[in-house]
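Not measured: the values here are computed from a predicted model.
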Amino acid sequence: MIRTAALALVVLLAGQVEDGSWHAKVNGPISPTGQEIQIDLPSDHHIKNKGGSDGAGLCVFASLNHSAYWHNLAGLQDLFQWMGKYPGGGYPEKVDRMIRKKCEEAHVPVPEFINRETSDLALLERACANGHMPGVTYAFSPTGRYGGQRIAHMVSLVHAKGNEWAILDNNYPGTIEWMSREQFKRAFTGGRDKGWCVIFLSPGPPPIPVN
Amino acid sequence: MNTILMLGAIAAAQCPIGQCSNREQGTGDRVQQAITKSISAVPYSLPPVPYYWLRINDCNQYALYSSTTGQQVGTYDAEGDRFCRWFAQSKTWSRPEKPPIDPPTRQTAGAIQKGPVSKYVITADGERFPIDETGAINFGVYPSPPGTEGHAVGRVGDEPRDEPPGQKLRLTVIGPKESRQAVLEDVKRSPQLADLAKSFLLSNFGPNDWQVRNGGYVTTGKPTIYVQAPTGKVLHRQDSYSGPDELAQALRKANESYKPEKDPNLSAPLLGLFGIPMEVWLIAAAALWLAWPRGEPS
């Protein structure tokens, strides 16, 4: 009886960690288990989403502007403000077109970036591990923002390690939303087989110097 | 004659809500249900705004509703750019006046679905985002227009790079723009540095840039040049620049001496309870089961 109970307790406790439901929470740059965030963009560089010239939202370009700050991309750090004079809304081909147009106007080379629909979460994990800030689609909030309603949104992925993932939502600047890997996957793909991501390939900030 | 002119002026001032043959007033049950659903669908934990617009017909006419009472407050005719307040008790319209919130702009195809009713969500700071036909609030992600899917995107140069670069040594130049420029030009063009620097991740910052301002970097050099391992360990630092030869020598030494397999991993993720992988837990559980003493101790 005692042996059975001990075995059940061990399996139950070990299994608890795999269930990410308790992870989803809005927090700062420290994860629920005390991990430091991988992509720590200062909050004074966070952007609040708004509409373009036709009222359609600019969440895609808000997310890409966050990435431009992070990757120190010349010519793109005012991308969101610049997009305000154009109709809103974003999709892969428009991102390609507008980034090139903006860089051309700023007389800077177009930076390399990945821009595609994918189901490969390992790509996003590697991106964050290597200091890149992806823009990723987001179909709902696991913490209950938006009243649980479906959304068509793009946010910035700022942590993707193990079972702790986190996003910076440009509708809620200054806060970080933490969740499990599975929760992120559902939000990223929105029930389809793929989500859309944009990842600049320039390096992020250098690491803190240590001896 | 004056009376006729006056009556004509009053008639012209009335909201033309009756002139669109495709109209739906805000009193029908179906539209009332849409209003109720729209109110309950306002998702934000931010303080709600008191009003919101609902497009009520294909003639670019919008009803203004109070989100606290659910009652229609007025109607805006986008074609004539006129807003009239609706007095529910007397069932009359006011003369044209300024609406309490900015009227909706004409929507282009693709941004708002056409139909008898369109919905918005309005944030506390007045931003307006559409609710699409699936009921999702759209903050700016749309499907690719027909015919554009699959076009080459995100490709620069001859070979598309589909993966983030792996972890390389970092070469960081910090200082005033002129002093950085000399280094960057040499890294790009000088035969001693150009090829060698390709195996480093190159960044450059002004001394007050947020990336280096508070991180413990020396920012007073002219410039300061850091060579670091991916962990941040400083492999080389110089606070001035005397030409490509000296820097090339430092880069070569750093490249040769750096052994990535010796990097300490202080931030290894803890898998399973207390940092022990789940497989180990299961093996431990099995071992515990087998080793547990059987029966009562004598």
Side-chain angles (χ1 to χ4, degrees), chain A residues 2-3 6-7 10-11 13-14 16-18 33 35-36 42 45 49-51 54-60 72 87-93 95-96 110 112-116 123 126-127 130 132 137 145-147 149-154 161-162 171 199 201 203 205-211, chain B residues 41 43-45 104-105 107-108 110-111 127-130 132 134-145 148 151 153-154 156 161-167 170 172 201 203 205 210-211 215-217 226 228 230-234 267 269-273 278 281-282 284-285 288-289 292:
Chain A
I2 294 174
R3 288 189 300 161
L7 178 61
V10 163
V11 174
L13 287 174
Q16 278 294 320
V17 186
E18 296 303 312
T33 62
Q35 298 291 319
E36 200 173 315
H45 283 69
N49 187 23
K50 62 174 185 168
D54 63 346
L58 288 170
C59 62
V60 171
N72 200 32
Y91 46 90
E93 293 73 20
V95 163
D96 196 64
V110 179
E112 284 188 278
F113 59 99
I114 295 169
N115 177 7
R116 68 174 191 230
L123 168 66
R126 283 197 300 278
N130 290 336
H132 301 266
T137 45
R145 282 171 166 172
Y146 309 106
Q149 190 163 344
R150 279 187 70 87
I151 55 179
H153 195 20
M154 180 170 270
K161 197 175 191 181
N171 285 332
I199 309 173
L201 298 179
I208 301 290
V210 294
N211 298 124
Chain B
Y44 293 93
S45 57
T105 56
Q107 298 300 315
T108 58
E127 287 301 325
R128 193 167 44 223
F129 298 104
D132 67 25
T134 69
I137 309 170
N138 196 313
F139 295 113
V141 174
Y142 291 89
S144 300
T148 62
H151 283 188
V153 293
V156 177
R161 289 179 58 197
D162 291 328
E163 292 290 332
Q167 300 230 10
R170 301 289 304 238
T172 307
L201 290 177
S203 305
F205 304 101
W210 66 266
Q211 294 90 336
Y217 294 93
Y226 276 94
Q228 290 172 275
T231 55
K233 182 178 166 64
V234 177
S267 57
L270 300 179
L271 299 174
L273 194 60
M278 196 173 164
W281 274 108
L282 291 174
L288 188 68
W289 171 272
W292 198 274

Student check: side-chain heavy atoms of [X] and [Y] closer than 4.5 Å:
{"X": "F129(B)", "Y": "C59(A)", "answer": "no"}
{"X": "K233(B)", "Y": "N211(A)", "answer": "no"}
{"X": "V234(B)", "Y": "V210(A)", "answer": "no"}

Below 4.5 Å, heavy-atom pairs only: which of G140(B), G215(B), G216(B) has the largest tally toward chain A? G140(B)
Indicate the atoms forming the closest heavy-atom contact of [X] with [Y], along with that distance.
{"X": "Y91(A)", "Y": "Y142(B)", "result": "CB-O, 3.2 Å"}
{"X": "P206(A)", "Y": "Y217(B)", "result": "O-OH, 2.9 Å"}
{"X": "P209(A)", "Y": "Y226(B)", "result": "CB-CE2, 4.1 Å"}
{"X": "P230(B)", "Y": "P207(A)", "result": "O-CG, 3.7 Å"}

Mind checking the OG1-CD1 spacing from T231(B) to I208(A)? Nearest 0.5 Å is all I need. 12.0 Å
When rounded to the nearest 0.5 angstrom, what is the spacing between NE2 in H153(A) and CG in N138(B)? 10.0 Å
Considering residues at least two apart in sequence or located in another chain, which fulfil the side-chain contact (heavy atoms from CB on, under 4.5 Å) criterion with P42(A)? D44(A), H45(A), W210(B)
Output all residues satisfying side-chain contact (heavy atoms from CB on, under 4.5 Å) with P203(A), sequence neighbours left out; order by chain, then residue number. R170(B), L201(B), S203(B)
Would a distance-only check, ignoring hydrogens and angles, find a side-chain to backbone donor-acceptor pair under 3.5 Å from N49(A) to F139(B)? yes
Between I151(A) and chain B, which part of the residue has a heavy atom less than 4.5 Å away: side chain, backbone, both or neither? both
